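In what follows, a single structure is set out as structure tokens and then discussed.
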Amino acid sequence: MRPRSSTPRTPGADLPEHPDFLWRNPEPKRSYDVVIVGGGGHGLATAHYLAKNHGITNVAVLEKGWLAGGNMARNTTIIRSNYLWDESSAIYEHALKLWEGLEEDLGYPILFSQRGVLNLAHSLQDVRDSVRRVEANKLNGVDAEWLEPDEVRKICPIVNTSTDIRYPVLGATYQPRAGIAKHDYVAWGFARRADEAGIDLIQDCAVTGFATDGNRVTGVQTTRGTIGAGKVALCAAGHTSVLTDLLGIRVPVQSHPLQALVSELLEPVHPTVVMSNAVHVYVSQAHKGELVMGAGVDSYNGYGQRGAFHIIERQMAAAVELFPVFARAHLLRTWAGIVDVSPDASPIVGRTPYDNLYLNCGWGTGGFKATPGIGWALAHTIASDEPHPYVAPFSLDRFVTGALVDEHGAAAVAH
Amino acid sequence: MQLIACPWCGPREEVEFHYGGQAHVPYPDDPGGLSDEEWAHYVFYRDNPRGRFAERWNHSAGCRRWFNAVRDTATYRFERVYRLDDPKPLATELATSRRNTAR
Ligand SMILES: Cc1cc2nc3c(=O)[nH]c(=O)nc-3n(C[C@H](O)[C@H](O)[C@H](O)COP(=O)(O)OP(=O)(O)OC[C@H]3O[C@@H](n4cnc5c(N)ncnc54)[C@H](O)[C@@H]3O)c2cc1C
Ligand SMILES: [Zn+2]
């Protein structure tokens with residue numbers, strides 16, 4: 001017998017144990033009380049709050065790909081609540097308060113960093129709109145300040161505040177409690193909690209059709225068989241229309257590619273989040289060190305999860321205009337998600353022509369920040385069959401009544 | 001960069017064009033007779049298919065003329081460009097043209 005030390009070892013045998021999986025990978029059951037279509041941030045948060053706030057755990061989240069591989073994996077993670085209208089600041093501020101306690105609630109690190117957001121103003125009209133928004137925010141209890149250019153420079157020294165550039169910085173709104181978080185950790189934290197509560201997270205399970213009986217949806221057809229459902233909630237973001245078309249419901253959203261990019265890893269250089277609608281870019285620096293940038297959607301409808309390169313070129317040109325120091329940074333990676341844009345840049349949430357079908361879409365370019373807030377309010381809506389006051393103003397019928405919540409000013413480029 | 005074939009100018013770079021959304025959405029024949037719901041559909045609702053979509057495009061940095069196109073929203077491939085006064089191409093016509101142009 002050879003000495004033990006020279007016994008051939010199985011490759012990898014000396015590696016540490018595989019860490020515990022964050023969720024099971026269950027087979028779908030025949031039916032559930034609640035079926036959530038879409039395992040992005042919103043679907044997972046809704047599952048968590050159904051269990052936590054309402055004790056509803058006979059729930060499945062059905063995801064056509066892998067968990068949180070859609071916009072949840074692709075967004076630039078800006079979190080803020082400085083929207084103009086009462087309806088919006090109510091739900092976004094509720095979300096922000098939940099973010100502030102989320103790490104504890106989930107028992108999972110989410111790297112929520114309240115480093116503040118500057119929304120730059122570059123024209124007299126920008127200044128007027130921004131000051132108005134600051135005042136509206138204050139009235140709604142949202143932390144907001146108007147900053148003059150020298151105060152902007154104090155908070156973010158690398159922003160070009162010289163007066164001789166094409167779009168000089170005339171000031172900025174500042175929300176100190178705003179910031180960024182680690183999107184994947186957020187999704188995994190919600191998933192782990194939902195799974196612990198007994199909720200089935202089912203991946204590789206695309207919903208391809210619905211079974212209906214009169215005004216009720218009785219189940220969903222999927223690539224893994226038919227699954228019965230007491231209630232169904234659609235959390236499919238950019239693919240919402242594909243699902244509602246199957247049900248004969250029209251929803252006023254258009255799906256667009258939305259791109260973003262990161263630079264190589266750099267030393268800490270950018271202490272906050274800066275957004276500019278006029279120069280058309282926003283930038284933060286992720287924990288690891290890459291500069292994260294984004295801007296507006298590609299103009300055409302698209303489901304391809306990719307966009308045109310001239311959009312990326314423009315984002316980088318805008319970034320260099322605002323931050324001359326970035327001229328030497330290298331582009332590392334670009335990507336796109338598919339976002340569901342509504343006519344008034346506000347979400348569409350609540351009841352549908354089917355009694356037990358709930359809609360959650362239209363978050364477009366800005367739904368990451370809402371993740372805990374919408375999960376919380378949608379869970380309430382599903383559990384009580386009654387739109388929570390936070391989502392009631394965002395019903396589908398506002399396009400008939402005309403009670404739009406026009407957030408183009410706060411949401412156009414700004415996510 | 002993707003080239004788009006303007007029916008008047010020929011293939012030009014995508015940056016020269018402006019997107020106009022869904023094509024063939026006529027102004028209501030009897031505007032005064034429309035219900036609020038019908039107005040909502042005219043003003044706010046557009047189709048949003050994954051796949052073939054008939055759209056309006058404007059060659060805004062070229063001849064500045066509008067035209068229609070059938071484009072696949074999943075592949076971004078243009079299957080047909082045609083003039084505003086041409087009828088919407090039938091699916092069967094597109095199927096053959098795709099075979100002819102596919103290399
Ligand atoms: C580049 C980019 C940058 C962004 N930046 C920000 C930002 O800085 N701040 C901010 O607040 N928001 C931002 N957003 C928007 C934000 O990402 C979205 O509004 C939000 O993620 C949408 O909710 P979700 O997480 O549930 O969506 P998703 O993660 O897209 O989840 C939807 C899920 O549904 C699944 N699905 C679709 N169809 C089916 C089906 N038939 N069957 C089963 N599953 C299905 C999809 O696979 C997907 O996983 C950004 C988005 C993008 C693309
Ligand atoms: Zn032309």
Side-chain angles (χ1 to χ4, degrees), chain A residues 64 206 208 236-246 248-257 296-314 317 336 338-346 348 353 361-362 364 395-404 406, chain B residues 1-6 11-25 28 31 33-62 66-81 91:
Chain A
K64 74 180 163 79
T208 54
H239 287 80
T240 300
S241 305
V242 177
L243 290 165
T244 51
D245 282 353
L246 296 169
I249 302 174
R250 261 190 123 192
V251 179
V253 293
Q254 299 281 290
S255 296
H256 288 270
V297 296
D298 280 52
S299 68
Y300 46 73
N301 290 25
Y303 285 88
Q305 286 188 329
R306 61 195 167 77
F309 194 71
H310 68 265
I311 304 284
I312 295 291
E313 285 180 310
R314 280 185 202 156
I338 300 302
V339 296
D340 41 336
V341 177
S342 74
D344 57 357
S346 283
I348 304 172
C361 67
S395 68
L396 186 55
D397 69 7
R398 75 176 184 274
F399 300 99
V400 175
T401 63
L404 304 188
D406 184 355
Chain B
M1 183 174 293
Q2 160 132 299
L3 296 180
I4 298 175
C6 170
R12 293 288 188 276
E13 291 189 346
E14 180 186 340
V15 275
E16 294 185 16
F17 294 84
H18 182 90
Y19 185 59
Q22 183 175 1
H24 309 289
V25 182
L34 256 53
S35 66
D36 287 353
E37 179 133 23
E38 287 164 334
W39 268 118
H41 279 267
Y42 175 67
V43 176
F44 295 121
Y45 286 69
R46 293 293 178 269
D47 294 343
N48 186 29
R50 185 181 192 283
R52 267 187 198 145
F53 195 29
E55 307 172 320
R56 299 183 306 175
W57 285 83
N58 184 270
H59 190 189
S60 47
W66 285 94
F67 61 93
N68 287 342
V70 174
R71 192 180 58 100
D72 187 313
T73 61
T75 62
Y76 304 167
R77 184 194 151 95
F78 281 77
E79 298 195 12
R80 175 72 62 89
V81 292

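Residue numbers start from 1 in every chain, and the chains themselves are labelled A, B, ... in the order their sequence lines are given, proteins ahead of strands. Everything numeric in this text was worked out from a predicted model, so none of it was measured. Computed over heavy atoms, backbone and side chain alike; hydrogens, waters and symmetry mates excluded.
Minimum heavy-atom separation, Pro31(B) to Trp39(B): O-NE1, 3.4 Å.
Ranked by heavy-atom pairs shorter than 4.5 Å toward chain B, the options Arg250(A), His310(A), Gln254(A) are led by Arg250(A). Ranked by non-hydrogen atom pairs under 4.5 Å with chain B, the options Thr401(A), Ile311(A), Val253(A) are led by Val253(A). Taking chain A as the reference chain and counting heavy-atom pairs below 4.5 Å, the highest number among Arg71(B), His18(B), His41(B), Gln2(B) is found for Arg71(B).
Geometrically, Arg398(A) does not engage Phe44(B) in a cation-pi contact, judged by NZ or CZ lying under 6.0 Å from the ring centre and within 45° of the ring axis. Tyr42(B) carries Arg46(B) over the face of its six-membered ring, with the cationic atom under 6.0 Å from the centre and within 45° of the normal.
Of the atoms belonging to Phe17(B), not a single heavy atom falls under 4.5 Å from chain A. Looking at Phe309(A), there are no atoms closer than 4.5 Å to chain B (heavy atoms on both sides), in backbone or side chain. Heavy atoms of Val251(A) lying under 4.5 Å from chain B belong exclusively to its backbone.
The shortest distance between side-chain heavy atoms of Ser346(A) and Leu404(A) does not fall below 4.5 Å.
Inspection of the Ser342(A) and Asp344(A) side chains reveals an N or O donor paired with an N or O acceptor under 3.5 Å.
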